[in-house]
Each structure stands twice: as structure tokens, then as C-alpha cells.
Amino acid sequence: MSDPAAEIDIHIPLPDAGAVSAAEAKALRHRIGTALRPHILRRLTALAAVPDTDNTRIDRLELEMRLRQLDTYDLALDGVIHAAEPPVPAHEMPLDLAELDRSEARASARAALFFSPEARFNVHGPIMLAHAAALAERLLRPGEALAMLEAASFSRMVISQLRLTVVDLDSAAARGAREAMRAASISGRFALSSGRRLGFYGVQDHRRPVTRTAWINRAALALVPPGFAHRAEAGRFHVDMPAPKAPVAPMDRPRALMTALDALILLMMSETIHDGQTKMLVALRNLPLPPGLPERLLAGRRITFAPQRQKSRVWAGDIVMMPTELSFGDGEARARVFTAETIRPYYQLPVG
């Protein structure tokens, strides 16, 4: 039986984006996002795994050229769609967990995910972590709460919905989970207020592309100082986070985690620390999740970023990974964020 994906015509003609209705623009963007772009990205990933020949180079150039055309066209469609129907901000988007399967020590679900302005063609790390936290809360016992994101790793570009699994790491259900975590697109663990630890991992289901799109997280933007103001001192960057002018609307812990990370990444990924390259979040360690997050962690505090440039290392090919230590306020709460930079565009990075 032939593979239906192999029969996709990536050069199918598309109408003038300026001459379509909002409904037509939505249908066109859905076709690009669920068929054309995922198909091209998977073909590029496959080509990267075979010997480099004249034919593979020609195929790669053709695919990359078409993808750049589609990305430009997609932006034009967004203008048509947003003019008629502005998207929901990221912190107000429903965290869609379908096909929930839960026992006392294990929960799994399909996370529909969504794209955002920070990651238009692959899913932003904080969005995935919000869904993982929402699923982890299904395993909380009375009186428990998520207390810390002990670890999170992003090993592949995510373009499809995730089959997320959360397990109690002290249970029998965890025995097979550790191997699965190593092969997943995202993995990590939460520490709970009770001392228990929950591991999580997500595997992409390429039969189900991501179809939802959110607007920028305004709650995160409201937390950062105007112009991302900072002060540099001996290789460290100090950011005095303003106290909120008005109370931030209450949000659940998963969205609060996403918002806190969005605010931190907006600061880290700005030109105050990194040069203009393709930037990726690849890992997190020991991020506190206090009650009242994100205000309790960020608002009115001094956040210090200490890039560990001497510890930068090549991760894969020309991708350079660097850890950055974060301290919050009095410095007792510390976290570590690993970012990566490459001169390659996003479509030359592997998808899971």
C-alpha cells in the first residue's frame, strides 16, 4: 500500500492571500499547517539522515524554498484572519487534554497544544509544560500541589499533538517510563509539596498535527519592565521586575507556570544576552512553583541572569548549548535554564 503522505503535492497552487475571505484564509492555513508544512519538515528530517548527494541537495533546496514561500504566505493569511477574528491570548487558551486514561499512579492524555507568536511553526516549550502540569494535577492527592519543576528537556522540535504520560516515580508504573522518557520529544519531572515526584514525557502523534494558534501572552508581557530594561555587571544581567500596576487575573497553576516561563524567556532571548540567531529552549532545572505564581516568583523582584559562557558546548553539529543560572530576589531560589543557538533556520532542525 502506498504512503498517502508521499503523494502530497507541495507545489499545489494557492490563491492570492489578499483576495480571500477570513473563512477561506482559515481553510488555507489549516491545509498548510496540517498537511504541507508537516510533510515538508518530516521529509527534511529524513533527508538529513541519508548520505549527502547531488540529488539529496537538490531535494533539500526545493523543499526549503517551498517552505519559505509557505511561511510568507501563512503570515499574509494571519493578517486576514486576525483582522476578522483576533486569536485568544496564550494565557487564556484552553489546555486541551483528550482521551484521558488515569489510574492512581499514572495518567496519559492527548495534548492538542497550540502555536504562539514566539514559535509560529513549532510548539513553544512553556506551552508544552503547561499541558504537562495540567495532566500532572490529575495525580495530586488531597492537600498536594506542584512545588517545583525539577527538570524539563526538549529534545525534538514539536509540530504535532503530544501523547503525554505522567507517572509517580516511586510506583511500579515508573519502571517502564524511564526508557520511554529517553525517546520522547519532551520529558521531565515535578516535585510535589508532599515530597512525591512525578515524571512526565510526551511523544508526538504525527497523525494529528497542531491546529490551534494563540496570541501573545499579555500576562507575561505585563510582568516585564518596559523595553526589557536590565543592568549588566561582571557578566551578569540584573532585571528589576516591576510590581504589577493592577492585580493579574487569577490563573491556574499550569497557566501560571507557562506565564512565568514566558516572561523569563522574553528577557533571556532578547538581545540583552544573545545575538540574533535561531534560539531554542532545550532544558530547565529546579524552577520553583510557589503559590501565587507567577507574581510571587517574579513581580517586584530582582532577577539575575548569569550566562555560563565558559560552559557552552556544541550539542549537535553547529548547535551551541549554554546554561544560564537564574536567581530570584534574595537569591535563595535558583534555577538553571539551558538555551541553544544555531545559524540554521528552524526547518533544518529535526522533528520527532
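Residues: numbered from 1 along the sequence shown.
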request  = Can you see which heavy atom on L281 is nearest to which on P126, and at what distance?
outcome  = CD2-CD, 4.3 Å
task = Each residue besides L169 in its hydrophobic cluster should be listed here, by chain and number; the cluster joins Ile, Leu, Val, Met, Phe, Trp and Tyr at side-chain heavy-atom distances under 4.5 Å.
result = V167, M181, Y201, V203
inquiry  = Please enumerate all residues that pass side chain to side chain contact (heavy atoms under 4.5 Å, CB included) together with R57, with sequence neighbours excluded.
reply    = D52, D54, R60
note = On a heavy-atom basis, the closest approach of P323 and R336 is CB-CD, 4.1 Å
task = For the pair R196 and D170, find out whether any cationic side-chain nitrogen is under 4.0 Å from an anionic carboxylate oxygen.
result = no
ask   = With a 4.5 Å limit on heavy-atom distance, are the side chains of E85 and K26 in contact?
value = yes
ask   = Do you know which two heavy atoms are closest between R301 and G329, and how far apart they sit?
value = NH1-CA, 3.7 Å
ask   = Are any of the side-chain heavy atoms of I81 and P87 separated by less than 4.5 Å?
value = no
Just distance, no hydrogens or angles: give the donor-acceptor pairs under 3.5 Å from side chains in residues 134-143, sequence neighbours left out.
none

query = Would you say V337 and L264 make side-chain contact, with heavy atoms under 4.5 Å?
reply = no
Which residues share a side chain to side chain contact (heavy atoms under 4.5 Å, CB included) with T211, sequence neighbours left out = H30, T34
note = Minimal heavy-atom distance between R255 and E92, with the atoms involved, is NE-C, 4.4 Å
task = Only one of I58, I10, L41 passes side chain to side chain contact (heavy atoms under 4.5 Å, CB included) with L63; say which it is.
result = I10
query = Under the side-chain hydrogen bond (donor to acceptor under 3.5 Å, both in side chains) test, which residues partner T165, sequence neighbours left out?
reply = none
ask   = Which residues satisfy the side chain to side chain contact (heavy atoms under 4.5 Å, CB included) test with D240, sequence neighbours excluded?
value = R302
inquiry  = Return the CD to CE distance between E341 and M322, rounded to the nearest 0.5 Å.
reply    = 6.5 Å
ask   = Which pairs with one or both residues in residues 140-181 pass ring pair (Phe, Tyr, Trp, His ring centres under 6.0 Å), sequence neighbours excluded?
value = none
request  = Supply the atom-to-atom distance L261 CG to L257 CG, rounded to the nearest 0.5 angstrom.
outcome  = 5.0 Å
message = Could you measure the distance from the CG atom of L146 to the OG atom of S193? Nearest 0.5 Å is fine.
response = 8.5 Å
query = If you round to the nearest 0.5 Å, how far is CG of L36 from CD1 of I12?
reply = 7.0 Å
task = Measure the shortest side-chain to side-chain distance between H131 and L162 over non-hydrogen atoms and say whether it is less than 4.5 angstrom.
result = no
ask   = Any side-chain heavy-atom pair from M321 and S312 closer than 4.5 angstrom?
value = no
task = Only counting residues at least two apart or in another chain, list the ones meeting ring pair (Phe, Tyr, Trp, His ring centres under 6.0 Å) with F190.
result = F200
query = Heavy-atom distance under 4.5 Å between the side chains of R334 and N286, does that happen here?
reply = no
Of all pairs that satisfy salt bridge (Lys or Arg N to Asp or Glu O under 4.0 Å), the ones with a partner from residues 66-84, not counting sequence neighbours = R29-D78, R37-D71, R37-D74, D74-R120, D78-R120
inquiry  = Does the plane of the ring in H230 sit parallel, tilted or perpendicular to the ring in F237? Use 30° and 60° as the thresholds.
reply    = tilted
inquiry  = So which atom in P89 and which in A214 form the shortest heavy-atom distance, rounded to 0.1 Å?
reply    = C-CB, 4.4 Å
Shared hydrophobic cluster for V80 and Y73 (ILVMFWY, side-chain gaps under 4.5 Å) = no
query = Does some side-chain heavy atom of F328 sit less than 4.5 Å from a side-chain heavy atom of L298?
reply = yes
ask   = By side-chain hydrogen bond (donor to acceptor under 3.5 Å, both in side chains), which residues pair with S187, not counting sequence neighbours?
value = none
Distance, nearest 0.5 Å, that separates CD1 of I319 from CZ of R313 = 11.5 Å
ask   = Among all residues two or more places apart in sequence or in another chain, which pass the side-chain hydrogen bond (donor to acceptor under 3.5 Å, both in side chains) test with E24?
value = S21
remark   = Hits for side chain to side chain contact (heavy atoms under 4.5 Å, CB included) against S160, two or more places apart or cross-chain, chain-then-number order -> Q204, H206
I127 reachable from V88 in the ILVMFWY side-chain graph, under 4.5 Å edges = yes
ask   = Any chain of hydrophobic side-chain contacts (each under 4.5 Å) joining F115 to M258?
value = yes
note = Closest non-hydrogen atoms of R236 and A306, given as atom of the first, atom of the second and distance, are NH1-CB, 3.6 Å
ask   = Say you draw a straight line from CD1 of I159 to CG of L113; how long is it, rounded to the nearest 0.5 Å?
value = 12.0 Å
task = Measure the shortest side-chain to side-chain distance between H238 and T304 over non-hydrogen atoms and say whether it is less than 4.5 angstrom.
result = yes
